[in-house]
**Q** 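Here it is, the structure, as structure tokens.
This is a predicted model, so every value here is computed, not measured. The first residue of the sequence shown is numbered 1, and numbering continues consecutively from there.
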Amino acid sequence: LGTVLGLLLGGGVAILVDKRSGKIHTVEELKEAARIPLLASIPYDPLFENGQSLDLTMNVLGKMEDHLDFPFEPYRPKGREVSTPYLESIRLLSTGIRLSEPDNPIRSFTVSSANPNAGKSTISFHLGHAFASMGQKTLIVDTDLRRPSLHRFINLSNPRGLTDYVSGDCSLSDVTVSLPTDDNLLLVPSLSL
């Protein structure tokens with residue numbers, strides 16, 4: 001009887017401590033704690049990890065073509081687009097951002113996190129592409145001066161960057177790169193390497 005009572009009491013205390021610790025384990029707990037609308041939940045996808053180049057990602061998605069419900073036409077604004085849970089959640093987030101202020105459209109925003117390697121560049125790039133594929137002229141600016149990475153998504157050698165523009169060495173049009181994925185998508189890399 002003492003053993004059973006001890007186990008029940010210990011389990012109850014553990015559950016109570018976990019509830020009071022303030023840690024969030026699920027999306028539902030986050031919604032309840034934040035009490036603000038959650039625009040999207042972005043799932044982890046190793047295919048989009050570590051800022052690998054867009055060509056490599058598209059090659060992998062091309063190999064998945066047989067498992068998709070439609071012909072593979074990567075990142076073409078007028079054609080069908082590749083659909084993965086990650087890309088669909090990015091599209092959902094872009095739609096949520098556009099519809100969050102219908103009377104006063106959001107013109108710029110920042111993607112940030114407290115930790116390095118949290119996926120900021122990956123989300124920024126794919127979110128920018130989602131906006132561009134909806135017909136919006138989109139400019140992605142890589143402001144990470146310590147670990148610039150957005151230029152790797154398009155295999156850009158990064159000849160000029162934001163630091164060149166800020167220092168007055170060149171104009172904004174000199175550092176702006178048009179991306180091959182969409183006519184509406186532009187990138188300003190961070191540093192000249």
**Q** Measuring from atom CG of Leu93 to atom NE2 of His126, what distance do you get when rounded to the nearest 0.5 angstrom?
**A**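 Result: 13.0 Å between the selected atoms.
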**Q** Show me the pairs that pass side chain to side chain donor-acceptor pair (under 3.5 Å) and involve residues 167-178, at least two apart or across chains.
**A**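 Sorted result for residues 167-178: Ser167-Asp169, Ser171-Ser173, Ser171-Asp174.
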**Q** Look up atom OG1 in Thr143 and atom CG in Leu145, then write down how far apart they are to the nearest 0.5 Å.
**A**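 Here the rounded value is 7.0 Å.
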**Q** For the atom pair OG1 (Thr138) and CG (Leu186), what is the distance rounded to the nearest 0.5 Å?
**A**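 Taking OG1 in Thr138 and CG in Leu186, the distance rounds to 8.0 Å.
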**Q** Are any non-hydrogen side-chain atoms of Val188 and Tyr165 less than 4.5 angstrom apart?
**A**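 Heavy-atom side-chain distance check fails, nothing below 4.5 Å.
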**Q** Residues in side-chain contact (heavy atoms from CB on, under 4.5 Å) with Glu101, at least two apart?
**A**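 Partners of Glu101 by the side-chain contact (heavy atoms from CB on, under 4.5 Å) criterion, ordered by chain and then number, come out as Asn104, Ile106.
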**Q** Is the shortest heavy-atom distance from the side chain of Asp144 to the side chain of Leu150 under 4.5 Å?
**A**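 They are not in side-chain contact.
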**Q** Are any side-chain N or O atoms of Asp142 and backbone N or O atoms of Pro148, one a donor and one an acceptor, separated by less than 3.5 Å?
**A**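 Checked: no pair found.
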**Q** Between Lys120 (side chain only) and Asn115 (backbone N and O only), is there a donor and an acceptor less than 3.5 Å apart?
**A**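 Yes, Lys120 side chain to Asn115 backbone: donor-acceptor pair under 3.5 Å.
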**Q** Closest heavy-atom contact between Pro43 and Ser89?
**A**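 Distance-wise, the nearest heavy atoms are CD-OG, 3.1 Å.
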**Q** As a quick check of understanding, evaluate side-chain contact (heavy atoms from CB on, under 4.5 Å) for Ile123 and Ile90, giving each step before the final call.
**A** CA-CA 7 Å; Ile123 288 176; Ile90 292 290; 4.2 Å; yes
**Q** Residues in side chain to side chain donor-acceptor pair (under 3.5 Å) with Ser94, at least two apart?
**A**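 Listed in chain order: nothing, the list is empty.
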**Q** Minimum heavy-atom separation for Pro189 and Val177, please, with both atom names.
**A**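 Here Pro189 and Val177 meet closest at CD-CG2, 4.3 Å.
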**Q** With ILVMFWY side chains joined below 4.5 Å, transitively, what does Val4's cluster contain besides itself?
**A**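 Val4 clusters with Leu8.
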**Q** Please list, chain by chain and in numerical order, all residues satisfying side-chain contact (heavy atoms from CB on, under 4.5 Å) with Ser124, sequence neighbours excluded.
**A**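 Per chain and number, Ser124 pairs via side-chain contact (heavy atoms from CB on, under 4.5 Å) with Val111.
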**Q** Closer than 4.0 angstrom, basic N to acidic O: yes or no for Glu88 and Arg91?
**A**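 Yes, this pair counts.
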**Q** If you measure from CG on Leu172 to CG on Asp164, what distance do you get to the nearest 0.5 Å?
**A**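 Leu172 CG to Asp164 CG: 12.0 Å, rounded to 0.5 Å.
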**Q** Could you pull out all residues at least two apart from Leu99 that satisfy side-chain contact (heavy atoms from CB on, under 4.5 Å)?
**A**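 Applying side-chain contact (heavy atoms from CB on, under 4.5 Å) to Leu99 gives Thr95.
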**Q** In chain order, what residues pass the side-chain contact (heavy atoms from CB on, under 4.5 Å) check against Ser108, with sequence neighbours excluded?
**A**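 None.
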**Q** For Thr3, give me all partners under side chain to side chain donor-acceptor pair (under 3.5 Å), at least two apart in sequence or on another chain.
**A**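 Partners of Thr3 by the side chain to side chain donor-acceptor pair (under 3.5 Å) criterion come out as none, since no residue qualifies.
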**Q** For a 4.5 angstrom cut-off between non-hydrogen side-chain atoms, does Phe131 reach Arg98?
**A**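 They are in side-chain contact.
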